[in-house]
Amino acid sequence: QAKSNGRNCSFVFAEQMSSDLANRMQLEAELRQAIEQQQFSLSLQPQVDLISGRLCGFEALLRWQHPQRGMVPPDEFISVLEQAQLMTGVGYWVFERSCQHCVTLIQQGLSQVVIAVNLSADQFLDRNLPENFAAILQKYALNAAHFELELTESTLVSNINETLDVMHRLKALGFAFAIDDFGTGYSSLNYLKRMPVSTIKIDRSFVMGMLDNPADEQIVASTIAMVHKLGLKVVAEGVESLAHLQLLQRYNCDFAQGYYLSRPLPETQLVDFVTNQVLQQKWPASLLP
Ligand code: C2E
Ligand code: MG
Ligand code: MG
Ligand code: MG
């Protein structure tokens with residue numbers, strides 16, 4: 001049976017493959033247009049300090065408003081930008097836009113605000129990245145201390161020396177680093193030891209599983225303890241309920257981010273969010289039992 005279908009199978013496979021390729025080429029062409037026509041924006045997701053109960057910063061998340069398909073999530077297009085070698089350019093746009101929002105937030109009185117910006121592996125292989133980021137900061141008269149650059153464990157897998165070199169140069173400018181989606185990549189502990197990072201973001205899969213799955217709870221608890229022993233801070237992603245938040249506080253997690261606290265905000269809602277008195281009063285109350 002399998003043998004007699006062999007030819008058909010591979011024919012179907014080839015056809016499928018070429019339609020995948022066609023889709024990707026279509027997407028790539030649309031993304032080039034998106035860059036030209038400025039169809040990108042950022043969403044900003046609040047992060048809260050679990051000790052003070054206060055808003056401490058935002059993560060900048062890339063959004064693509066497609067003319068026909070509406071909002072396309074980043075998991076569907078960032079890998080295409082990366083493969084087309086377009087992510088370095090878009091990454092500069094993300095950083096500059098984040099600077100603009102940072103200026104606005106400082107003007108709103110958040111003098112210590114920190115914006116977390118995601119970087120792709122390619123961006124760390126761009127030898128001019130540190131000088132270019134420094135020039136953008138200077139344009140907006142901002143200090144690098146307002147930014148935390150996020151990278152995943154997989155960023156280090158290739159070209160480790162080049163990546164570490166760019167990281168050290170960025171660190172010398174005053175940028176901090178966070179490891180994103182911690183625990184889902186390879187060789188976490190080996191890289192952790194070698195990288196100049198100040199923060200670990202526990203992947204949301206562990207946080208979301210924490211209430212039902214004792215293994216997830218133990219992973220979260222022991223990751224927080226280990227990270228603290230290394231002198232680093234911990235952010236929990238994917239905090240979807242008060243129960244998650246309270247358990248994280250019990251394990252001494254430093255910062256939290258998730259739908260329970262706030263969904264990522266469209267750029268147009270940012271100022272409203274920080275000036276909303278109700279929210280500023282409600283947050284600490286619901287955070288500190
Ligand atoms: P990430 O950096 O781990 O970002 C967190 C993702 O979790 C975001 O998805 C956010 O909307 C989502 N999230 C936040 N809170 C919750 C929650 O409580 N529950 C659940 N289920 N999800 C939550 P988003 O915005 O779709 O971004 C997906 C990924 O795309 C990001 O994951 C990041 O890896 C990548 N990305 C986003 N913006 C950029 C960018 O500017 N540059 C690069 N290189 N990557 C980016
Ligand atoms: Mg991130
Ligand atoms: Mg993450
Ligand atoms: Mg992710």
Side-chain angles (χ1 to χ4, degrees), residues 31 34-35 39-48 57-66 70-101 114-126 129 133 136 147-156 163 166 176-185 188 197 199-211 216 220 223 234-245 247-248 253 255-267 269:
L31 281 163
I35 294 168
Q39 293 166 1
F40 293 116
S41 67
L42 296 181
S43 274
L44 294 124
Q45 188 174 35
Q47 296 184 330
V48 66
F58 294 86
E59 178 172 5
L61 296 159
L62 187 58
R63 295 290 178 264
W64 177 20
Q65 181 70 48
H66 187 283
M71 206 59 101
V72 184
D75 291 330
E76 283 178 32
F77 68 87
I78 284 180
S79 65
V80 182
L81 285 176
E82 288 171 346
Q83 283 166 40
Q85 311 209 315
L86 296 169
M87 197 57 224
T88 303
V90 174
Y92 282 120
W93 180 87
V94 168
F95 182 63
E96 177 150 7
R97 189 68 147 220
S98 298
C99 286
Q100 293 167 356
H101 291 306
V114 175
I115 314 264
V117 178
N118 294 281
L119 266 70
S120 292
D122 272 3
Q123 295 181 262
F124 287 98
L125 300 178
D126 169 6
L129 189 81
F133 270 25
I136 296 170
F147 296 91
E148 185 158 76
L149 306 179
E150 296 191 1
L151 65 158
T152 61
E153 292 152 330
S154 60
T155 299
L156 268 213
T163 300
V166 168
F177 294 99
I179 301 184
D180 204 355
D181 305 339
F182 185 74
T184 60
S188 326
V197 300
T199 307
I200 297 299
K201 297 187 79 172
I202 301 182
D203 189 67
R204 67 168 184 259
S205 60
F206 302 114
V207 176
M208 287 164 70
M210 196 171 59
L211 300 175
D216 283 329
V220 170
T223 301
V234 187
V235 181
E237 320 182 300
V239 176
E240 293 193 349
S241 70
L242 180 60
H244 286 111
L245 199 69
L247 194 54
L248 289 163
C253 186
F255 305 101
Q257 179 181 344
Y259 293 167
Y260 175 70
L261 296 156
S262 171
R263 298 238 164 199
L265 306 163
E267 294 173 308
Q269 288 174 23

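Just so it is clear, the structure is predicted and the values come from calculations on it, not from any experiment. Just so you know, ligand 1 is whichever comes first in the structure, and atom 1 is the first atom listed for that ligand.
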Taking heavy atoms and a distance under 4.0 Å, where does Val117 meet ligand 1: side chain, backbone, both or neither?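 Answer for Val117: neither.
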
Proximity of Asp180 to ligand 1 by residue part, where a heavy atom lies under 4.0 Å: side chain

Restricting to N, O or S, what is the name of the atom of Glu150 that lies nearest the Mg ion (ligand 2)?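 Glu150's closest N, O or S atom to the Mg ion (ligand 2) is named OE1.
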
With salt bridge (Lys or Arg N to Asp or Glu O under 4.0 Å) as the criterion, how do Glu240 and Arg204 come out once you've worked through the C-alpha distance, each side chain's angles and the decisive distance to 0.1 Å? CA-CA 10 Å; Glu240 293 193 349; Arg204 67 168 184 259; over 6 Å; no

[X] heavy atom under 4.0 Å from ligand 1:
X: Glu82; result: no
X: Gln257; result: no
X: Arg263; result: no
X: Pro73; result: no
X: Arg63; result: yes

Taking side-chain contact (heavy atoms from CB on, under 4.5 Å) as the definition, give me every residue that meets it alongside Ala176, ordered by chain and number, with sequence neighbours left out.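 Partners of Ala176 by the side-chain contact (heavy atoms from CB on, under 4.5 Å) criterion, ordered by chain and then number, come out as Glu148, Ser198.
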
Quiz question: by atom type and distance under 3.5 Å, do the side chains of Gln257 and Glu59 form a donor-acceptor pair?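 Their side chains do contain a donor-acceptor pair, which is all the 3.5 Å distance test asks for.
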
So is there a nitrogen or oxygen of Gln123 less than 3.5 Å from a nitrogen or oxygen in ligand 1?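 No, there is no polar N/O contact under 3.5 Å.
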
Would a distance-only check, ignoring hydrogens and angles, find a side-chain to backbone donor-acceptor pair under 3.5 Å from Gln123 to Ser120? yes

Considering only heavy atoms, which of Glu150, Lys201, Glu240, Glu59 lies nearest to atom 17 (C) of ligand 1?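 Minimum heavy-atom distance to atom 17 (C) of ligand 1 goes to Glu240.
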
Determine, considering heavy atoms only, which of Leu42, Ile78, Leu62, Leu119 sits nearest to atom 36 (N) of ligand 1.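 Among Leu42, Ile78, Leu62, Leu119, the closest heavy atom to atom 36 (N) of ligand 1 comes from Ile78.
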
Quick one: are the ring centres of Phe133 and Tyr92 less than 6.0 Å apart?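 Phe133 vs Tyr92: aromatic centres under 6.0 Å.
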
Presence of N, O or S from Asp181 under 2.8 Å of the Mg ion (ligand 3):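 Looking at Asp181, which is the residue asked about, there is an N, O or S atom under 2.8 Å from the Mg ion (ligand 3).
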
Any N/O/S atom of Glu59 sitting less than 2.8 Å from the Mg ion (ligand 2), backbone or side chain?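 Here the distance criterion (N, O or S atom, under 2.8 Å) is met by Glu59, so yes.
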
Calculate the angle formed at the Mg ion (ligand 2) by OD2 in Asp180 and OD1 in Asn118; 10° precision is enough. 90°

Listed partners of Phe255 passing ring-ring contact (aromatic ring centres under 6.0 Å, His included), at least two apart: none

